[in-house]
There are 2 protein chains.
Amino acid sequence: MIETDETDRAILRALVDNADASAGEIGRALGLSQPAAWRRIRRLREAGVIRGTRLDLDAEKLGFGVTVFLGVKLGTKGQASLGDFERAVSAIPEVQTVEHILGMYDYRLRVVARDLPDFERVLRRRIMTLPGVASLDANVLLSEERRPGPIG
Amino acid sequence: MIETDETDRAILRALVDNADASAGEIGRALGLSQPAAWRRIRRLREAGVIRGTRLDLDAEKLGFGVTVFLGVKLGTKGQASLGDFERAVSAIPEVQTVEHILGMYDYRLRVVARDLPDFERVLRRRIMTLPGVASLDANVLLSEERRPGPIG
DNA sequence: CTTGAAAGAAGACCGCG
DNA sequence: CGCGGTCTTCTTTCAAG
């Protein structure tokens, strides 16, 4: 956990709202000079609070109309199994997210495909050949809303 | 689905790899001039293929050490129930993602909290008071890997 | 905080198929 | 007319006073 004052948090809120905003814009909105805002942003990056900035693509417009969440339960659960599974799953391009979780499942995968036949191909040829998978549960994404989440 | 040629896809790959890259850098990497690359990027934005660029914050460094995924099953499933649920859940700042899904659950929520006591507070005072919730299932996030996903 | 040099953004304009 | 290339201007970045 890193120290952030109210100004830092205001900067983060402004950047979450618009990640493309320049240091000058941020400063103007908060009553700071451009270099002052810029230095604070750099400090937040260096501290790792801001991990980076990533592109938000519309998978559907790229021809990937199907997103499925897979709950995965492993059979054998040594630490070697986890590593094997993670390494194998990392080689599947259709897998967008690998979440190691605690609860009903061991992993949750976000998988995209062009359509349902394409998803079946991924499932049969890629997912079902993963090492150590004992059971699978699938949920098809209908719609999704992402929200900023709490800052401070 | 939008038309993208191989050059567009190369641009998207480069931007996914580094969302902060300038049009000049992208162009240099692909053998295009700065304005040519810039025009293509703008076109991809206008077409909605690039939805935008969002800040990637480290929740842990901001003091939110706990991330939990909640699978939610609704009791009453008229279309009014879905709207009521979505509206109510949108008012909870700790909820980062609302996914409407098809399968074992109706919704999946990504919830962050400072620690487990804080999560209990959110669960009891916010989540359990949501309208129409019939059953809940929780998974605690241990670690997560995000990958670029397929482009074309 | 202010300044200043280097880089990037973004428009006007031309040439090609 | 799409698309790319050059030239040009304005803004932003980022380091140094």
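First the proteins, then the strands, lettered A, B, ... as listed; each starts at 1. Quick caveat, the model's predicted, so the values are computed rather than measured. Computed over heavy atoms, backbone and side chain alike; hydrogens, waters and symmetry mates excluded.
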Provide, to the nearest angstrom, the distance between the [atom1] atom belonging to [X] and the [atom2] atom belonging to [N].
X      : N       : atom1 : atom2 : value
D8(B)  : dG4(D)  : CG    : P     : 8 Å
L15(B) : dA9(C)  : CG    : C1'   : 14 Å
L30(B) : dC3(D)  : CG    : C1'   : 15 Å
D20(B) : dG8(C)  : CG    : C1'   : 13 Å
I41(B) : dA9(C)  : CD1   : P     : 8 Å
L32(A) : dT2(C)  : CG    : P     : 13 Å
E25(A) : dT13(D) : CD    : P     : 8 Å
N18(A) : dT12(D) : CG    : P     : 13 Å

Given L123(A), which of T129(A), L136(A), V111(A), L116(A) fulfils the side-chain contact (heavy atoms from CB on, under 4.5 Å) condition? L136(A)
So do the side chains of [X] and [Y] get within less than 4.5 Å of each other, counting heavy atoms only?
X      : Y      : value
F69(B) : E99(A) : yes
L57(A) : V16(B) : yes
T53(B) : D56(A) : no

Between R39(A) and dA15(D), is there a contact of a side-chain N or O with OP1 or OP2 at under 4.0 Å?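 It does not, given that no N or O in the side chain of R39(A) lies less than 4.0 Å from OP1 or OP2 of dA15(D).
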Taking OP1 and OP2 of dG11(C), is either one under 4.0 Å from a side-chain nitrogen or oxygen of R42(B)? yes
Would you indicate what R45(B) reaches in the nucleic acid, counting non-hydrogen atoms under 4.0 angstrom: base, sugar-phosphate, or nothing?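 No contact at all - R45(B) keeps every heavy atom at 4.0 Å or more from the nucleic acid.
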Quick one: label S33(B) by what it contacts on the DNA or RNA (base, sugar-phosphate, nothing), any heavy atom closer than 4.0 Å. base
Does the base of dC14(D) carry an N or O that pairs as donor and acceptor with the side chain of Q34(A) under 3.5 Å?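 Answer yes: a donor N or O sits under 3.5 Å from an acceptor.
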Using purine N1 to pyrimidine N3 plus N6-O4 or O6-N4 for Watson-Crick, or N1-O2 and O6-N3 for G-U wobble, each under 3.5 Å, what pairs with dG2(D)? none
Applying the Watson-Crick and G-U wobble criteria at under 3.5 Å, what pairs with dA6(C)? Answer none if nothing qualifies.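 Base-paired to dT12(D).
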Which nucleotide, dT13(D), dC3(D), dG8(C), lies nearest any side-chain atom of R43(B)? dC3(D)
Given dG5(D), dT13(D), dT3(C), the nucleotide with the shortest approach to the side chain of P35(A):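 Given the options dG5(D), dT13(D), dT3(C), the side chain of P35(A) is closest to dT3(C).
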Pick the closest DNA chain D nucleotide for T7(B) and for W38(A) by heavy atoms, then say which residue is nearer the 5' end. T7(B)
Verify the distance criterion only: is there a donor paired with an acceptor across the side chains of N139(B) and Y105(A) at less than 3.5 Å?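 Per modelled atom types, N139(B) and Y105(A) side chains form no pair under 3.5 Å.
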